[in-house]
Amino acid sequence: MGYFDFEKIFCGSTLQTAVDLLGCTLVKETEEGTAAGRIVETEAYTGPEDRAAHSYGGKRTKRTEIMFRAPGHVYTFEMHTHCLVNVVTEPEGRPEAVLIRALEPVEGIELMRARRKRQKDTELTNGPGKLTKALGITMNDYGGHFSEKPLYIVPGENPAEISSGPRIGIENTGEARDYLYRFWETRNRFVSR
DNA sequence: TGTTTGATGGGCT
DNA sequence: GCCCATCAAACAA
């Protein structure tokens with residue numbers, strides 16, 4: 001079993017990486033056990049030129065620092081008491097990332113149910129804050145790399161059919177609001193909406 | 001030190 | 001579909 005090929009995203013575009021990540025598997029190992037899900041929904045955040053990105057204008061803060069590092073690093077951040085997880089893309093110095101928005105549960109479903117309480121199975125991982133809770137991803141994962149345990153990505157077959165649309169929850173970002181930077185597997189029932 | 005603001009989720013209508 | 005809890009990061013002062 002190998003890890004996702006982060007070399008190929010050195011020279012690719014973040015939009016292409018967002019598409020390439022669909023169908024790959026996100027795995028988190030904890031003391032409680034291993035939980036994993038197939039990535040079925042992503043969003044691209046293309047750095048300095050993208051008003052919706054945390055790194056818009058090249059803004060470099062404690063939070064966005066990791067986005068300037070090499071591809072494959074783990075960018076987690078908190079908002080509204082939830083933890084969201086991103087894959088850093090592009091070479092050192094170019095702060096772009098892909099947000100993982102939804103998974104289709106593959107392994108450790110009982111563990112996910114326990115972490116998510118009385119939720120229907122389709123509600124376990126169909127949102128960026130939900131999937132981090134189901135897999136046990138926290139701010140402790142910030143700065144790690146997706147080719148190392150305990151949080152990593154393994155390659156998978158890309159979906160046969162992919163849809164795209166505007167990103168979610170970025171109403172106040174001018175023209176960036178309309179960019180079609182959200183990608184998902186067509187008709188997959190685990191996408192967020 | 002104080003104030004503002006979300007890349008959300010869950011509950012209620 | 002609408003409302004809002006809740007808190008760290010960011011930023012102003």
Side-chain angles (χ1 to χ4, degrees), chain A residues 13-19 21-22 26 28 35 37 39-69 71-90 94-105 112-144 146 151 153 163-185 189-193:
Chain A
S13 79
T14 295
L15 293 177
Q16 184 61 50
T17 302
V19 171
L21 284 170
L22 294 174
L26 179 66
K28 170 76 192 228
I39 299 171
V40 297
E41 181 180 351
T42 58
E43 281 180 1
Y45 286 85
T46 60
E49 302 80 27
D50 180 358
R51 284 192 55 182
H54 292 154
S55 54
Y56 175 62
K59 188 164 67 173
R60 192 161 188 154
T61 65
K62 178 183 174 185
R63 182 169 73 161
T64 64
E65 185 63 32
I66 196 67
M67 295 178 79
F68 290 82
R69 304 269 315 271
H73 277 92
V74 179
Y75 173 34
T76 50
F77 69 93
E78 283 180 332
M79 66 99 59
H80 289 87
T81 72
H82 303 289
C83 181
L84 277 61
V85 65
N86 297 250
V87 180
V88 173
T89 62
E90 301 302 299
R94 206 138 46 95
E96 308 194 11
V98 172
L99 170 69
I100 298 174
R101 283 195 61 88
L103 303 175
E104 178 175 337
M112 294 186 195
R113 287 186 185 128
R115 286 168 170 160
R116 295 273 300 133
K117 311 299 181 200
R118 301 179 285 274
Q119 294 292 336
K120 293 184 297 185
D121 283 5
T122 51
E123 302 263 314
L124 288 175
T125 53
N126 67 339
K130 297 176 186 178
L131 71 90
T132 55
K133 185 162 188 192
L135 265 63
I137 296 169
T138 69
M139 288 305 289
N140 288 333
D141 292 302
Y142 179 95
F146 283 108
L151 177 63
I153 293 172
S163 301
S164 66
R167 290 170 291 184
I168 305 295
I170 54 163
E171 302 308 312
N172 300 317
T173 58
E175 72 281 357
R177 183 185 54 186
D178 302 319
Y179 297 165
L180 302 181
Y181 284 3
R182 174 173 170 247
F183 306 94
W184 66 93
E185 178 177 28
R189 62 198 185 93
F190 292 93
V191 299
S192 62
R193 57 181 77 175

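Residues forming a salt bridge (Lys or Arg N to Asp or Glu O under 4.0 Å) with A:Arg177 (at least two apart in sequence, or on another chain): none. Partners of A:Thr122 according to the side chain to side chain contact (heavy atoms under 4.5 Å, CB included) rule, which considers only residues two or more places apart in sequence or in another chain, are A:Lys120, A:Arg189, A:Phe190. The salt bridge (Lys or Arg N to Asp or Glu O under 4.0 Å) search around A:Arg115 returns A:Glu32, not counting sequence neighbours. With sequence neighbours excluded, the residues that form a side chain to side chain contact (heavy atoms under 4.5 Å, CB included) with A:Ser192 are A:Glu41, A:Arg101, A:Arg182. With sequence neighbours excluded, the residues satisfying side chain to side chain contact (heavy atoms under 4.5 Å, CB included) with A:Ala134 are A:Met112, A:Arg116, A:Thr125. Every side chain to side chain contact (heavy atoms under 4.5 Å, CB included) that A:His82 has, sequence neighbours left out, goes to A:His80, A:Leu84. Under the rule for a ring-ring contact (aromatic ring centres under 6.0 Å, His included), the partners of A:Tyr181 that lie at least two apart in sequence or sit in another chain are A:Tyr179.
The structure places CD1 of A:Ile39 at 4.0 Å from CD1 of A:Ile100, a figure rounded to the nearest 0.5 Å.
Counting 5' to 3', DNA chain C first comes under 4.0 angstrom of a heavy atom of chain A and last does so at the ends given by C:dA5 to C:dC11.
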Next item on the list: Sugar-phosphate atoms are those with a prime plus P, OP1 and OP2; base atoms are the rest. Using that split, label each nucleotide of nucleotides 5-13 of chain B B, S or - for protein heavy atoms under 4.0 Å, 5' to 3'.
Entry: -BBBSS---
Checklist line | Secondary structure string for DNA chain B (Watson-Crick or G-U under 3.5 angstrom, | for other-strand pairs) | finding: ||||||.|||||.
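Judged as a salt bridge (charged side-chain N to carboxylate O under 4.0 Å, His left out), the pairs with a partner in residues 127-136 of chain A (not counting sequence neighbours) are, in order, A:Glu123-A:Lys130. For the salt bridge (charged side-chain N to carboxylate O under 4.0 Å, His left out) condition, the pairs that include at least one residue of residues 48-58 of chain A, sequence neighbours left out, are A:Asp50-A:Arg167.
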